[in-house]
Amino acid sequence: MEQEKIIVLDFGGQYNQLIARRVRECNVYAEIYPYTTELSVIREMNPKGIIFTGGPNSVYDSASPHFAREICDLQIPILGICYGAQLLSWMEGGEVETAPVSEYGHTELQVDESSDALFKGVTPGTVVWMSHTDYISKVPEGFRITAHTKDCPVAAMSCPERRLYAVQFHPEVMHTREGQTMLRNFVLGVCGCSGEWKMGSFVEQSIHSLREKIGDGKVLCALSGGVDSSVAAVLLSKAVGRQLTCVFVDHGLLRKKEGDEVEAIFGPNGHYELNFIRVNAQQRYYQKLAGVTQPEQKRKIIGEEFIRVFEEEAKKLGTVDYLVQGTIYPDVIESGLGKSAVIKSHHNVGGLPDVVDFREIIEPLRMLFKDEVRKAGLELGLPSYLVNRQPFPGPGLGVRIIGEVTEEKVKIVQEADAIFREEIQKTGLDQSLGQYFAALSNMRSVGVMGDFRTYDYAIVLRAVNTSDFMTAEAAPLPWDLINRVTNRIVNEVKGVNRCLLDTTSKPPSTIELE
Ligand code: XMP
């Protein structure tokens, strides 16, 4: 049976990713496509509805993103949001101009047509989120104004006969109090979706379409043991079993026991049908990193070495048909936007395509957000400790050891970090903290142990709260927890005689130490 789908056409707005997600929260599958997608491709996908997103442009600028007007004649319901609303108006012969008063922020909405399908069950005078400098000054023929605000004569319009709807505000952001009701009204009411989609359906559907696409082809996956690549690998293994080979590079900079945990799940005694290759490259990495103290240089070496090791393994397999990557939606946005100043060069597996001889890249999770990927992981039977893992940087402990990385220092930070994590988990704080870990400062200081002088390392404890990892605040930790962790670390970890608590926020600091 064909899956019901809503297509979100991306015109460059900052909340676009939220729209698809909110639709999925209505239990209807949604995917985002660029506005440059051909009309014929859209027709082929046979969506139940189309949503035009917001965007930073003015529809009357000749360089602004537009779409073939014929899309309005496909007899597929359309909802235009913000720029998308203006575009719909423009395409249909309405007028759009610079608003005398720009609206920004919480705004009271006066619903003029409470019987309009979009506003079913919506409270009169509900608050919506506005962010626009242009507005629809004249609605196209056949449309009627269904809502306005103090400064916006057309806050919503519709042509129910053709199932075309438009809202100037953003129903997808939580500041629009009843935005979810409106989106639900659109996808279930107007588009007639059944609302039966679940993450389980996504998993099933993906397995089915991956199987069809891959046929008897050979598939290769770089498995890091992180959430995204693990979920992608399991999805592929369910689809094509032993046609999949996963290469897991243990660079010796993983958390305590992490390499063995990954092997236990994916290896020959694990739960999945796949070919698993663990490359124990620890010594190779330690040798490459010997004497290197500069953070960026360390990151580069770790990233490049990953590619070299992977390349060697891939060569042994010969040509593969498909390379799997665990790219998720936020990665797609990030790479699309182009980075500003390089604060840290992130090491993912982005360099791989150059070194593997393959036909095509498969990114089965590219439409999902992190929490959706976690749900898919649970659906696939991955253990919750793996699926709910906090983020761990690609260069691993390499960026949590200040200065030169040595095997001895890795051991110290692994042990200290394991204690910190264990104690945090006992308090239940792991459920709410954004990220927490132990790092090794390059500082040695004098201490006393029994009757002896010590001259050992200081461990840095870092715990932060963050919603987006772009900014973060040091998390307040209970003092008895800090005491317990400190005592255990200085007593149990050889080579450490001091613990320091990092209380800095980001900015000016970053979450990782390097
Ligand atoms: P910073 O230290 O820049 O970290 O505040 C922000 C978030 O990104 C993670 N991080 C990385 N993730 N490769 C990754 O995949 C990297 O090279 C990398 N460096 C930092 C960090 O753990 C935090 O969650």
Side-chain angles (χ1 to χ4, degrees), residues 221-233 248-255 258 262 285 288-289 292 294-307 310 325-335 337 339-352 363 365-366 369-371 373-374 386-402 405 413-414 417 420-421 424 430 432-441 460-475 502-514:
C221 173
L223 182 67
S224 70
V227 182
D228 307 340
S229 67
S230 297
V231 174
F248 166 58
V249 178
D250 185 341
H251 53 23
L253 303 167
L254 299 170
R255 288 166 286 195
E258 199 168 1
V262 173
Y285 271 85
K288 284 273 169 189
L289 289 167
V292 182
Q294 287 307 307
E296 274 304 290
Q297 208 185 340
K298 282 160 64 176
R299 279 176 172 273
K300 288 231 162 67
I301 290 173
I302 297 169
E304 271 169 28
E305 204 52 21
F306 184 90
I307 292 177
F310 193 84
Q325 296 204 314
T327 319
I328 67 171
Y329 194 69
D331 308 333
V332 177
I333 308 173
E334 216 169 273
S335 49
L337 289 178
K339 298 266 172 54
S340 36
V342 174
I343 310 291
K344 298 176 182 184
S345 48
H346 273 208
H347 148 63
N348 302 10
V349 286
L352 288 182
E363 295 174 315
L365 310 175
R366 62 179 288 119
F369 284 85
K370 193 76 170 190
D371 59 320
V373 173
R374 292 191 207 278
L386 191 152
V387 164
N388 293 313
R389 251 185 197 162
Q390 52 170 330
F392 186 63
L397 301 179
V399 293
R400 293 184 181 171
I401 293 171
I402 297 190
V405 174
V413 78
Q414 276 178 338
D417 180 64
F420 189 33
R421 283 189 291 134
I424 292 249
D430 55 315
S432 57
L433 287 171
Q435 207 169 352
Y436 55 94
F437 54 85
L440 187 66
S441 80
V460 176
L461 302 176
R462 180 113 171 104
V464 296
N465 284 323
T466 173
S467 55
D468 55 7
F469 296 91
M470 306 292 284
T471 61
E473 277 172 18
D502 185 345
T503 57
T504 338
S505 50
K506 171 185 180 178
S509 169
T510 54
I511 296 176
E512 302 291 346
L513 271 69
E514 285 194 339

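Ligands are counted one by one from 1 in listed order, and the atoms in each one are counted from 1 as well. Residues take their numbers from the sequence shown, with the count starting at 1.
- Considering each of Q390, Q435, R400, the one bringing a non-hydrogen atom nearest atom 23 (C) of ligand 1 is Q435.
- Here CZ of R255 is found 5.0 Å from CZ of F392. Values are rounded to the nearest 0.5 Å.
- Of all the atoms in ligand 1, the ones that sit under 4.0 Å from a non-hydrogen atom of K506 are 1 (P), 3 (O), 5 (O), 6 (C).
- When each atom of ligand 1 is checked for a heavy atom of F469 under 4.0 Å away, the hits are 6 (C), 24 (O).
- Here's the thing with G394: one of its N/O atoms is less than 3.5 angstrom from an N/O atom of ligand 1.
- Atoms CZ and CD, from R299 and E514 in turn, are 8.0 Å apart once rounded to the nearest 0.5 Å.
- If you number the atoms of ligand 1 from 1 as listed, the ones under 4.0 Å from a heavy atom of P395 come out as 13 (N), 16 (C), 17 (O).
- Using a 4.0 Å heavy-atom cutoff, R299 is listed among the residues neighbouring ligand 1.
- Near T510, with a cut-off below 4.0 Å to any heavy atom, the atoms of ligand 1 are 1 (P), 2 (O), 5 (O).
- The environment of Q390 atom CD is dense: over 12 non-hydrogen atoms of other residues, nucleotides or ligands sit within 6.0 angstrom.
- For a threshold of 3.5 Å applied to N or O pairs, the pair formed by I511 and ligand 1 contains at least one separation below that value.
- Interatomic distance, CD1 of I401 versus NZ of K298, reported as 7.0 Å (0.5 Å rounding).
- Counting non-hydrogen atoms of neighbouring residues, nucleotides and ligands closer than 6.0 angstrom, the NZ atom of K288 reaches no more than 12 such neighbours.
- A cation-pi arrangement is absent between R462 and Y436 under the rule of less than 6.0 angstrom and at most 45 degrees off the ring axis.
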